[in-house]
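Letters A, B, ... are given to chains in the order of the sequence lines, protein chains preceding strands, and every chain is numbered from 1. Note that this is a predicted model, so its numbers are computed, not measured.
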Amino acid sequence: MSIGYACLTVGVPNTDMKNCLLKNADEEKLTQLIEHNLSALQHIINYNVANEILLFRISSDIIPFGSSPVNTLPWKNLFQQELQIIGESVKRAGIRVSMHPGQYTVLNSPDQGVAKRAVDDLMYHSDFLDSLGVDGTSKIILHIGGAYGDKKVAIKRFAQRYKDLDECIQRRLVIENDDKTYHIGDVLELGFSLGVPVVYDNLHNQINYCDQRKDDFYWISQCRSSWKPRDGKQKVHYSQQNPLKSAGSHSESIAIDEFLDFYLRLGESQPDIMLEVKDKNLSALKCINCTTQKRNIKVLELEWSKYKYAILEKSPKDYKNIRELLKDKSTYPAVDFYRTIDHAYGQGLFQGNIVNAALHIWGYFKNLANNEERKRFFSLLQRYQENDGAIAPVKRFLFRLAEKYKQEYLLMSYYFL
DNA sequence: TGACGTCAAGATCCG
DNA sequence: CGGATCTTGACGTCA
């Protein structure tokens, strides 16, 4: 069983994706962007390898306008070497990659143009995975599409369009329940009739359910046999509701207790779990470290080095508690560790704590910074304290100092996110 | 016609 | 002028 995250990282250098507007998408621009994005992807994969994150969704934006007629670049040939090298690192590390066209790729549309673009888009995703040389367990996850006033007819149209797809797409295609139209019952029925594996998404099911009496584990076990050996391990999508946003919005971070409750009740089945969450790799590491058999406290110490100033800023009490928690090197208190981090992030922000954390960071530069920098720092801090200002400028300045004075320890801190 | 969701580009504002 | 912040774009469906 692997746990992974989707598309982007937070706090990892050189992993940002670039894009452009349609009107600017000429050959030169696209070449630059693809070159940049493939380099970013290589950095992401390297990060995943270093952190033993073995499940990852590649962004559909990796090749800008990848399925649009404006992109006439023969990118597979132009970047054959880069693609192959990325594919080799993926395979060497045993990482399972996937892709997920968004809600605007609609295979079952009555509009022929829309459907044709959906097929082109699936072909682009398939081409990309093929270009990495990854096998059929690297999936393309798709939603069924619209209802158009008659779900039965719309499902039939999906089935027909599926049968007309190229085999290279079919071997990778997986369908998923959505939060509006096709609940898990619909998707399972279609999946079994077509022989297509089904990804169960818990949050979508919470909003758009088939049967309120059935829980996540019932549906996950129903989906299991839609996955054949050639498809690889069953996959599920897991996310938590953001309490401050509309139904279906993903949470900022995965709350560890809620996740563990879900995870433990999966029992023997152990599907691959794709997290959909704003803090991306951070939550992936959290969930992995709380479920791994390798119980190495050094991993938590490394995590602590990144989290500590963010925690100090939010809750000095939790900061102190975690320091205590990590003292005994013969233990592996991962769950308590992340539980405390979750708690700290859930606290309200207080000016005194925020200033205290900023001064802690400043401590790194006290003897390095010149007079100008010293003046600047304290003036920014004062502006924050006095005029109901924002802390962001203070943090940005501190980050720049960390770059200038090469404070690697600070540069990787989640304090700056 | 605008909301939906997601991200970064582009536009604009500010010192 | 550079950097920070706000708005737009790209996609299709549905109310």
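- The residue A/Ala392 sits apart from the nucleic acid: no heavy atom pair falls under 4.0 Å.
- Residue-level contact check: A/Ser68 touches neither bases nor backbone, having no heavy atom under 4.0 Å from any strand.
- Between the CG atom of A/Asn208 and the C1' atom of C/dT13 there is a distance of 15 Å, given to the nearest Å.
- Among the atoms of the strands shown, none is found under 4.0 Å from any heavy atom of A/Gly102.
- Between A/Arg396 and C/dT5, a side-chain N or O to OP1/OP2 separation shorter than 4.0 Å is present.
- Within the 4.5 Å cutoff, the side chain of A/Met274 has no heavy atoms near those of the A/Asp272 side chain.
- Taking the charged nitrogens against the carboxylate oxygens, A/Arg339 and A/Asp336 do have a contact shorter than 4.0 Å, which makes a salt bridge.
- Between the A/Asp178 side chain and the A/Ile144 main chain, no donor and acceptor come within less than 3.5 Å of each other.
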Quick tally for nucleotides 4-13 of chain B: nucleotides whose base has a protein heavy atom under 4.0 Å get B, sugar-phosphate-only ones S, the rest -, giving BBSSSSS---
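- Counting to the nearest Å, the C1' atom of C/dA10 and the CG atom of A/Asp121 are 12 Å from each other.
- Ring orientation note: the planes of A/Phe377 and A/Trp362 are close to parallel, at an angle under 30° on the 30°/60° scale.
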Take A/Asp150 and A/Lys156, measure what salt bridge (charged side-chain N to carboxylate O under 4.0 Å, His left out) needs, and give me the verdict at the end. CA-CA 10 Å; A/Asp150 191 336; A/Lys156 268 201 179 140; over 6 Å; no
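- Residue A/Thr181 has no polar side-chain atom (N or O) positioned under 4.0 Å from OP1 or OP2 of C/dT13.
- Per the geometry, OH belonging to A/Tyr124 stands 17 Å off P belonging to C/dA10, to the nearest Å.
- Ring orientation note: the planes of A/His100 and A/His237 are tilted relative to one another, at an angle of 30° to 60°.
- A residue-by-residue look at A/Leu22 and A/Ser109 shows that A/Leu22 has its nearest nucleotide of DNA chain C further toward the 5' end.
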